[in-house]
Amino acid sequence: MKIKYNLLHEEINSRARLGTIETNYGTFDTPMFMPVGTKATVKTMTPEELYECKAGIILSNTYHLWLRPGPDLIKKAGGLHKFMNYNGPILTDSGGFQVFSLAKPKDITEEGVHFKSHIDGSNLFLTPELSIEIQNKLDSDIAMSFDECPPYPVTHDYMKRSIERTLRWAERGKRVHNNENQSLFGIVQGGEFPDLRMESAIETAKLEFDGYSVGGVSVGEDKETKYKMIEYATKYMPRDKVRYLMGVGEPIDIIEGTIRGIDLFDCVLSTRIARHGNAFTRRGKINLKNLKYREDFAPIEEECDCYSCKNYTKAYIRHLITSDETLGGRLLSIHNTRFLIKLTEDLRMAIKEDGLIKYREEFISKYNGDKTNE
RNA sequence: GGAGAGAUAGCGAAGAGGCUAAACGCGGCAGACUGUAAAUCUGCUCCCAUUGGGUUCGAUGGUUCGAAACCAUCUCUCUCCA
């Protein structure tokens with residue numbers, strides 16, 4: 001079956017929504033943070049650790065799995081869930097972000113996008129149809145349309161042509177999509193231009209996708225601009241369908257996104273900064289490599305319910321990180337992932353009580369507050 | 001006892017008259033990271049200040065306009081032979 005989004009409550013003081021998403025691999029609440037597992041693994045984390053972090057859904061990537069190990073092998077394995085032993089819902093990105101991170105402007109054509117493989121340099125050509133075909137084989141629960149994720153800034157003229165092409169790509173992808181157990185999402189682009197975000201949202205909705213996302217965010221713009229982008233897009237996105245903000249992110253961005261009506265988030269930060277020695281905390285991000293944690297025998301956060309905080313000290317994790325031991329990045333990935341998911345739990349609680357604006361004020365003042373008394 | 005080789009920043013190691021406060025690596029200290037070409041990348045790492053200044057290359061003395069580099073003596077290390 002396709003996913004089913006149930007809108008349970010809309011906050012009085014903001015545009016935040018409380019909902020659930022039913023999938024073939026279980027039902028989860030929204031807003032929700034999705035850990036990123038690009039290459040069929042959330043880096044350093046086992047599925048059991050993801051369940052323990054209460055991840056509702058995870059994300060994987062078409063582009064990377066296309067190159068290695070290839071969609072046919074994953075199909076042979078019985079699909080992505082079986083292949084990676086993950087029994088929760090999985091969303092696959094289309095490769096659209098790799099248009100941003102890997103392709104050059106001249107490589108983008110109406111037909112599709114030319115890539116040079118980051119693995120062996122070979123020439124690749126990804127089209128909207130191919131992206132969907134690959135995702136059909138991967139058998140994720142949610143597939144994403146193949147879009148162009150333009151950098152920031154580009155001209156209004158470029159962006160207009162880009163959203164129109166992304167729209168044509170969405171249509172082309174939808175036409176070849178043929179997996180009854182997989183839902184397909186459209187992507188709203190348009191940069192910081194209100195008229196283009198509106199046009200993109202309205203036209204994409206006309207194609208009647210199973211859900212919609214906001215793309216082209218966190219590509220170099222400042223915070224104010226980012227929140228406007230989200231606002232401009234969600235304003236015109238269907239009320240009765242899931243809204244997914246792609247590639248975001250930071251705790252405060254998740255709160256700001258939620259306030260603007262976003263239900264789903266994904267971001268590499270939780271695991272990437274973990275491998276780089278950083279941890280999210282209610283009092284802001286901390287760098288465990290810092291000398292001041294050398295003899296700090298307290299957990300990252302006293303009040304955190306994650307496996308790492310219940311069992312390990314900052315001093316030990318610092319030792320692991322500075323010694324280049326993988327367990328350090330793993331323990332921090334567990335903490336950071338749990339941190340963002342717990343944040344969405346708190347947001348849901350606040351939405352239920354129509355107290356999200358107040359929650360934001362309290363969170364931000366603590367997060368950005370004076371850290372000298374730690 | 002004899003014959004060689006060597007001593008350079010926290011460590012390893014380049015440098016063989018001026019372009020050298022001294023490459024590079026490690027270690028150390030910070031920073032960045034938002035649909036993962038990322039267990040990666042960037043900066044700093046003799047002392048003091050903002051430009052700039054002050055002390056350095058085992059020690060001492062010398063040659064030279066100028067020495068980490070050349071010479072002498074000394075100290076210490078290593079290798080080989082007895």
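Naming: A, B, ... by sequence-line order, numbering from 1 per chain. Please read all numbers here as calculations on a predicted model, not as lab measurements.
- At the heavy-atom level, A/Gln189 lies under 4.0 Å from base atoms of the strands shown.
- Using a 4.0 Å cut-off, some side-chain N or O of A/Thr38 falls inside it from OP1 or OP2 of B/rU36.
- The ring pair (Phe, Tyr, Trp, His ring centres under 6.0 Å) pairs that include a residue from residues 239-290 of chain A are A/Phe280-A/Phe339, where partners are two or more places apart or lie in different chains.
- For the residue pair A/Ser145 and A/Asp147, no side-chain donor N or O sits within less than 3.5 Å of a side-chain acceptor on the partner.
- Within 4.0 Å (heavy atoms only), A/Leu59 reaches sugar-phosphate atoms of the nucleic acid but no base atom.
- With a cut-off of 3.5 Å on both Watson-Crick or G-U wobble distances, the partner of B/rC80 is given as B/rG2.
- Screening residues 29-49 of chain A for ring pair (Phe, Tyr, Trp, His ring centres under 6.0 Å), with sequence neighbours left out, gives no hits.
- Checking side-chain atoms of A/Asp141 against main-chain N and O of A/Ile3 turns up no donor-acceptor pair under 3.5 Å.
- For A/Lys226 against B/rU34, a side-chain-to-base donor-acceptor contact under 3.5 Å is present.
- The six-membered or imidazole ring of A/His81 lies away from that of A/Tyr86, with a centre-to-centre distance of 6.0 Å or more.
- Using a 4.0 Å heavy-atom cutoff across all strands shown, A/Asp253 reaches at least one base atom of the nucleic acid.
- Put simply, the side chain of A/Asn61 and the base of B/rG35 share no donor and acceptor less than 3.5 Å apart.
- Among the protein residues, A/Gly95 comes within range of no part of the nucleic acid, since none of its heavy atoms lies under 4.0 Å from any strand.
- Residue contacts for A/Thr44: at a heavy-atom cut-off of 4.0 Å it reaches no nucleic acid atom on any strand shown.
- Looking at A/Ser101, its side chain has no donor and acceptor atom pair within 3.5 Å of the base of B/rU36.
- Contact annotation: A/Gln98 does not reach the phosphate of B/rG35 (side-chain N/O to OP1 or OP2, under 4.0 Å).
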* Heavy atoms under 4.0 Å is the rule here; annotate nucleotides 24-33 of chain B 5' to 3' with B where the base is hit, S where only the sugar-phosphate is, and - elsewhere. => -----SSBBB
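- Side-chain rings of A/His335 and A/Tyr312 stay apart, their centers remaining 6.0 Å or farther from each other.
- The residue A/Ile187 sits close to a base: some heavy atom pair falls under 4.0 Å.
- Contact annotation for A/Lys223: base contact, defined as any heavy-atom pair under 4.0 Å involving a base atom.
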